[in-house]
Amino acid sequence: MTEKLKIRDLTMRDGQQSAFATRMKQSQIDRILPLYKDANFYALEVWGGAVPDSVMRYLGENPWTRLESIHEVIGPVSKLTALSRGRNLFGYAPYTDQIIDGFCRNAIESGLGIMRIFDALNDVDNVKSTIKYVKQYGGIADCAVCYTIDPKYPPVKFFDRLRGKKNPEPVFTDAYFLDKAKQMEALGADMITIKDMSGLIPPRRVSNLIKLFKQNLKVPVDFHTHCTPGYGLASVLAAIGAGVDIVDTNIWNFAGGPAAPAIELVWIFCQKAGVELDINMEAVAKINEQLLDIRKELDAFDAVKKFPKPFNPLTDKLPAEIDAEFDRALKAVKEVDEDTLVDACHKIEAYFGFPEPNELVQKAEIPGGMYTNMVAQLKQLKSEDILEDAMKLIPTVRLQAGLPPLVTPTSQIVGAQAVNCAIDLKKGKPMYTTTSNQFVSMVKGEYGHTPVKVDPEFRLKIAGTREETPYDTSKYKMQPNPVLEDCGGVKLAENEKEELLLELFPLVAKDYLTKTKRERWEANKPKEEPKPEPAPEPTPAAEPIVLKGAAVVSPLPGTVMSLSVKEGDEVKRGQEVLVLDAMKMENSVVSDHKGKVLRIFVEPGQAVPADGLLMEIGE
């Protein structure tokens, strides 16, 4: 059993991202910061993940201001932490060391204390640079091993078994995870996190892993999980029983369901188990009061729509039957009795009104976010009827792509590709007729080494080469940074922090920075006497487009990222003419026709529907 437990609070990043689509405004964050200063958490996860993208995209706020303003209030009381995807940072592309260096330096100067670094393939090579620069600038390198499980393969048929066919051997063993952790410790990791992004790790498995890590590693071990499939609380308690150093939790009104377990329930368990927990629960209760109001304000984005019962462990007495369930859970932890522990935790969570386990996610054994992304994509395509087919294709797609762990961005890449394959089959086309650029890049080897080798013939089919080809950072092109003539002649990105935003989030940062520069220019312009506006002329009705050549249409609803050709260019059949951003994936749109680009009907940044007209190709 752990003697003294540290807590990393996730409420302001992973908590709000899991439950409220990352929509907490700066003003809402500001209301709870003074209370957090009194709470004495070891660490507060406040940045990274979807936060930098979302605060620009949806809230019109500056991500760097979010980090700096939190640090200004919290100071040295709690370490501020962020989640980073190793060489991919917060984006989806591998970045150069120059960008990783600048990003880590600016983040730490802005108040970041701990960078949690993971790679979606568990490829240790991809975290080297971030470890190096985080430590160089005085930060703590928290390296995460992404927990995942082997797919459930269909049983091999009788005659196939007679021919010697069998399913692949398990890959994601305890030895696999320990090996990854030891490699990262050797690179300089200051702590190791078992990152269970899907909430799929059951109590017995996490207990075994924590014990194995504590026996073989010299650095502290953290455990991160979610409650979606129903293991979350039980697995956190099992990790404490196995000697974990740090666990990740949320505060009551932001806990449970798709998020992490509640600190209040962990505190009660620790009180019974004699585990020292240096948290000011009076301050936590005050934060929770504010979170109740904030959650009501975020109702439009609430993924659960089910509030837990009001509860303060310092002032509210537990009913005898629930107190007994905590005792039963403590006994089960000591005896490593998984079934009893899970049952006791489910009864505790049900009494307090936390969401029930999502059995669909548990049986599918995929992250909840991956499932909801697939549903959203199929709704956009009006193809919800093939969801079951797409779900069944996930193990096949995943294995053929090298069995990547299902975590951002690989979960989205595999999920989107399973949807594409299901749609291809529905249309009578072969699987992989439609592929995203990211899926091609992953199969090619540009994301790093996959847990199992990709079949060279499959790689040839998807990426046009049999050889694994790593991403060549020497060919990386910086995003254009034009002068905005209509905003006073300033550059789109005026400093290094803005340049980094532009590199990591090209479309979103371009829109955000342009808007902020325009607003600043308009606010500072000398005021002119208003002139009477002429009466608007009637808008002529749009004439229908008559095509002389062949149409290139959008295969998916999305946003035009870039044009690969211009009017007058000659194109070949199968040549890329445009890149479309759809469901966070980059999709190459190719011409089915040979000829000249007669007309282009869209421009970068423009949203297009499925089957929307993009270009005209003719003689």
Side-chain angles (χ1 to χ4, degrees), residues 17-18 21 49-50 53 85 88 91-93 118-122 146-153 172 195-200 226 228-229 258 303 358-426 431-443 446-447 450-451 454 458 462 555-559 580-588 610:
Q17 180 174 322
S18 297
D53 179 302
R85 300 171 190 150
N88 295 339
Y92 285 80
F118 77 94
D119 177 65
L121 298 179
N122 277 331
C146 294
Y147 178 80
T148 190
I149 56 179
D150 293 275
K152 285 184 177 176
Y153 302 107
F172 302 111
K195 177 176 164 58
D196 176 28
M197 54 281 169
S198 310
L200 293 176
H226 293 250
T228 319
N358 187 322
E359 292 185 4
L360 180 62
V361 171
Q362 187 185 68
K363 289 176 182 176
E365 297 184 331
I366 64 171
M370 177 180 177
Y371 173 75
T372 53
N373 276 347
M374 291 173 68
V375 171
Q377 186 176 7
L378 288 168
K379 279 184 178 177
Q380 280 190 325
L381 296 168
K382 296 181 173 56
S383 299
E384 296 97 320
D385 58 309
I386 63 169
L387 175 61
E388 188 175 342
D389 296 333
M391 295 279 282
K392 288 178 180 176
L393 287 171
I394 288 173
T396 300
V397 171
R398 188 181 172 203
L399 181 61
Q400 290 180 320
L403 210 62
L406 297 180
V407 60
T408 304
T410 52
S411 55
Q412 283 89 336
I413 294 172
V414 170
Q417 189 55 53
V419 167
N420 286 342
C421 287
I423 291 171
D424 289 340
L425 293 173
K426 182 181 179 181
M431 280 179 61
Y432 303 110
T433 298
T434 307
T435 55
S436 71
N437 290 3
Q438 278 87 350
F439 185 76
V440 174
S441 294
M442 185 167 68
V443 170
E446 292 185 349
Y447 279 84
T450 49
V454 173
F458 182 75
I462 299 299
L556 301 163
T559 303
L580 188 71
D581 176 33
M583 295 302 293
K584 298 185 178 180
M585 296 293 106
E586 295 176 10
N587 298 269
S588 288

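The model shown is predicted, which means the values in this text are computed figures rather than measured ones.
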Hey, does Val397 have a side-chain heavy atom less than 4.5 Å from the side chain of Phe439?
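Side chain of Phe439 against side chain of Val397, heavy atoms only: contact under 4.5 Å found.
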Pairing residues for Tyr147 by the ring pair (Phe, Tyr, Trp, His ring centres under 6.0 Å) criterion, not counting sequence neighbours
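So Tyr147 forms a ring pair (Phe, Tyr, Trp, His ring centres under 6.0 Å) with Phe177.
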First locate atom [atom1] of [X], then atom [atom2] of [Y], and finally report the distance between them rounded to the nearest 0.5 Å.
| X | Y | atom1 | atom2 | answer |
| --- | --- | --- | --- | --- |
| Ile394 | Leu399 | CD1 | CG | 13.5 Å |
| Asn358 | His226 | CG | NE2 | 13.5 Å |
| Asn437 | Leu580 | CG | CG | 10.0 Å |
| Asn122 | Leu403 | CG | CG | 11.0 Å |
| Ile423 | Ser383 | CD1 | OG | 5.0 Å |
| Ile149 | Phe172 | CD1 | CZ | 9.5 Å |

side-chain contact (heavy atoms from CB on, under 4.5 Å) with [X]: which residues, sequence neighbours excluded?
| X | result |
| --- | --- |
| Thr396 | Gln400 |
| Val454 | Val443, Thr450, Phe458, Arg459 |
| Asp53 | Arg57, Phe505, Val508 |

For the pair Leu200 and Thr148, evaluate side chain to side chain contact (heavy atoms under 4.5 Å, CB included) and give the outcome as yes or no after the intermediate values.
CA-CA 8 Å; Leu200 293 176; Thr148 190; over 6 Å; no
State, to 0.1 Å, how close [X] and [Y] come at their nearest heavy-atom pair, and which atoms those are.
| X | Y | value |
| --- | --- | --- |
| Leu121 | Pro405 | CA-CD, 3.8 Å |
| Met442 | Ala401 | CE-CB, 4.0 Å |
| Ala390 | Ala418 | O-CB, 3.5 Å |
| Ser198 | Pro229 | O-CG, 3.4 Å |
| Pro404 | Pro451 | CA-CD, 4.1 Å |
| Cys421 | Met431 | SG-CE, 3.7 Å |

Distance-only side-chain donor-acceptor flag, Asp424 / Thr434, under 3.5 Å:
yes
Tell me the salt bridge (Lys or Arg N to Asp or Glu O under 4.0 Å) pairs involving residues 392-421, sequence neighbours left out?
Glu388-Lys392
List the steps and the verdict of side chain to side chain contact (heavy atoms under 4.5 Å, CB included) for Ile386 and Leu425.
CA-CA 10 Å; Ile386 63 169; Leu425 293 173; over 6 Å; no
Is a salt bridge present between Asp389 and Lys426, judged by a nitrogen-to-oxygen distance below 4.0 Å?
no
Pairing residues for Ser441 by the side chain to side chain donor-acceptor pair (under 3.5 Å) criterion, not counting sequence neighbours
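Ser441: side chain to side chain donor-acceptor pair (under 3.5 Å) contacts with Glu446.
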